Amino acid sequence: QVQLIESGGGLVQAGGSLRLSCAASGRSDSNYVLGWFRQAPGKDREFVAAIRWSRGNTVYSDSAKGRFTISRDGAKNTMYLEMNSLKPEDTAVYYCAFRTDLAIFRDYRQYNYWGQGTQVTVSS
């Protein structure tokens, strides 16, 4: 059973930065994808970025490209999302997601396991 634990959310002013972490456990191989999604009140869950664990290939949403960086630390089994130049519209609950193969999808329904989420609030 895969477990995902997010941390690092909080309140930040527009233009500021935050780093989210997702600690993964329960899987001994590297043949999977980890992703970040976010969900604002009244909106659907939205893809932010994903990384193929074995090779480090990354995919970003248009809104994240150039401002956010996804990375991983294999020794710690932890994924990160470095978020810079934050905007009020980035306010959402951010979720870590796990997909049990190597295909990267932007559709949240393709992911098998989810963390509990961490709130990110960007004030104007």
Side-chain angles (χ1 to χ4, degrees):
Q1 181 77 5
V2 172
Q3 291 188 324
L4 305 171
I5 301 176
E6 301 105 332
S7 61
L11 173 64
V12 64
Q13 288 188 331
S17 299
L18 279 175
R19 188 177 80 156
L20 306 183
S21 300
C22 172
S25 61
R27 191 69 181 235
S28 59
D29 66 318
S30 300
N31 299 319
Y32 55 86
V33 166
L34 279 178
W36 288 102
F37 288 78
R38 66 187 184 186
Q39 190 164 20
K43 294 190 175 181
D44 209 353
R45 195 161 292 193
E46 175 190 18
F47 173 79
V48 176
I51 187 165
R52 188 173 287 125
W53 198 258
S54 56
R55 295 189 176 185
N57 313 73
T58 58
V59 175
Y60 293 90
S61 67
D62 288 344
S63 62
K65 205 173 296 183
R67 298 188 300 129
F68 296 0
T69 302
I70 189 171
S71 62
R72 76 204 195 292
D73 183 333
K76 297 181 179 180
N77 285 333
T78 300
M79 173 179 67
Y80 303 97
L81 185 69
E82 185 75 36
M83 304 186 293
N84 298 312
S85 302
L86 282 162
K87 306 173 182 179
E89 51 263 44
D90 293 317
T91 295
V93 177
Y94 283 70
Y95 295 93
C96 173
F98 180 103
R99 177 174 163 80
T100 56
D101 67 25
L102 296 177
I104 294 181
F105 284 86
R106 297 169 184 262
D107 184 348
Y108 70 90
R109 292 165 292 188
Q110 299 294 331
Y111 289 75
N112 310 98
Y113 299 96
W114 293 85
Q116 81 285 358
T118 185
Q119 176 70 46
V120 171
T121 303
V122 184
S123 63
S124 57

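From a predicted model like this one, the values you see are computed outputs, not experimental measurements.
- When all heavy atoms are compared, the tightest approach of Ala14 to Pro88 is CB-CD, 4.1 Å.
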Inset, instruction - For the pair Leu34 and Arg72, evaluate side chain to side chain contact (heavy atoms under 4.5 Å, CB included) and give the outcome as yes or no after the intermediate values. - result: CA-CA 9 Å; Leu34 279 178; Arg72 76 204 195 292; over 6 Å; no
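- Put simply, OH on Tyr108 and CG on Asp44 are 4.5 Å apart, with the number rounded to the nearest 0.5 Å.
- In this structure, the separation between CG on Asn31 and CZ on Arg55 is 10.0 Å, given to the nearest 0.5 Å.
- Residue pairs meeting the disulfide bond (SG atoms under 2.5 Å apart) criterion with at least one partner in residues 8-85, sequence neighbours excluded, are Cys22-Cys96.
- Other residues, nucleotides and ligands place more than 12 heavy atoms under 6.0 Å from the CD atom of Glu82.
- Hydrophobic cluster membership is shared by Ile51 and Leu18, with clusters built from Ile, Leu, Val, Met, Phe, Trp and Tyr side chains linked at under 4.5 angstrom.
- One hydrophobic cluster, built from ILVMFWY side chains closer than 4.5 Å, holds both Phe98 and Val48.
- With a 4.5 Å cut-off on side-chain heavy atoms, Thr100 and Tyr113 count as touching.
- When every heavy atom of Tyr95 is checked against every heavy atom of Gly117, the shortest pair comes out as CD2-CA, 3.6 Å.
- The minimum heavy-atom distance between Ser30 and Leu102, with the atom names listed, is O-CD2, 4.3 Å.
- One hydrophobic cluster, built from ILVMFWY side chains closer than 4.5 Å, holds both Leu4 and Val120.
- Heavy-atom neighbours of Gln116 CD from other residues, nucleotides or ligands within 6.0 Å: above the threshold of 12.
- In terms of the side chain to side chain donor-acceptor pair (under 3.5 Å) criterion, Glu89 has no residue partners (sequence neighbours excluded).
- A donor and an acceptor atom, one from each side chain of Tyr111 and Arg99, are nowhere located under 3.5 Å apart.
- In terms of modelled atom types and a separation under 3.5 Å, the side chain of Arg106 and the main chain of Tyr60 share a donor-acceptor contact.
- Residues Leu11 and Gln119 have side chains not in contact (no heavy-atom distance under 4.5 Å, counting atoms from C-beta outward).
- The list of salt bridge (Lys or Arg N to Asp or Glu O under 4.0 Å) pairs with a residue in residues 6-26, not counting sequence neighbours, is empty.
- Within the model, atoms OH of Tyr80 and OG of Ser71 stand 7.0 Å from one another, a figure rounded to the nearest 0.5 Å.
- No cation-pi contact links Arg27 to Tyr32, judged by a cut-off of 6.0 Å to the six-membered ring centre and 45° from its axis.
- In the hydrophobic cluster analysis, where Ile, Leu, Val, Met, Phe, Trp and Tyr join through side-chain heavy atoms closer than 4.5 angstrom, Val122 is grouped apart from Val93.
- Classification of Lys65 and Asp62 as a salt-bridged pair holds, one side-chain N sitting under 4.0 Å from a carboxylate O.
- Between the OG1 atom in Thr78 and the CG atom in Leu20 there is a gap of 12.5 Å [rounded to 0.5 Å].
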Legend entry - Working for side chain to side chain contact (heavy atoms under 4.5 Å, CB included), residues Val2 and Asn112: CA-CA 9 Å; Val2 172; Asn112 310 98; over 6 Å; no
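- One finds the OG1 atom of Thr118 at 12.0 Å from the CD1 atom of Ile5 (value rounded to the nearest 0.5 Å).
- Checking side-chain atoms of Arg52 against main-chain N and O of Asn57 turns up no donor-acceptor pair under 3.5 Å.
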Inset, instruction - Evaluate the criterion side chain to side chain contact (heavy atoms under 4.5 Å, CB included) for residue pair Trp114 and Arg45; output intermediate values, then yes/no. - result: CA-CA 12 Å; Trp114 293 85; Arg45 195 161 292 193; 3.3 Å; yes
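- In the hydrophobic clustering of this structure, Met79 does not group with Phe47; members are Ile, Leu, Val, Met, Phe, Trp, Tyr whose side-chain heavy atoms approach within less than 4.5 Å, directly or through other members.
- Atoms OG and CZ, from Ser17 and Phe68 in turn, are 9.5 Å apart once rounded to the nearest 0.5 Å.
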Legend entry - Chi angles and distances behind the side chain to side chain contact (heavy atoms under 4.5 Å, CB included) call for Ser63, Arg38: CA-CA 12 Å; Ser63 62; Arg38 66 187 184 186; 3.5 Å; yes
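- Asp90 is listed as a side-chain neighbour of Arg67, based on a closest heavy-atom distance under 4.5 Å.
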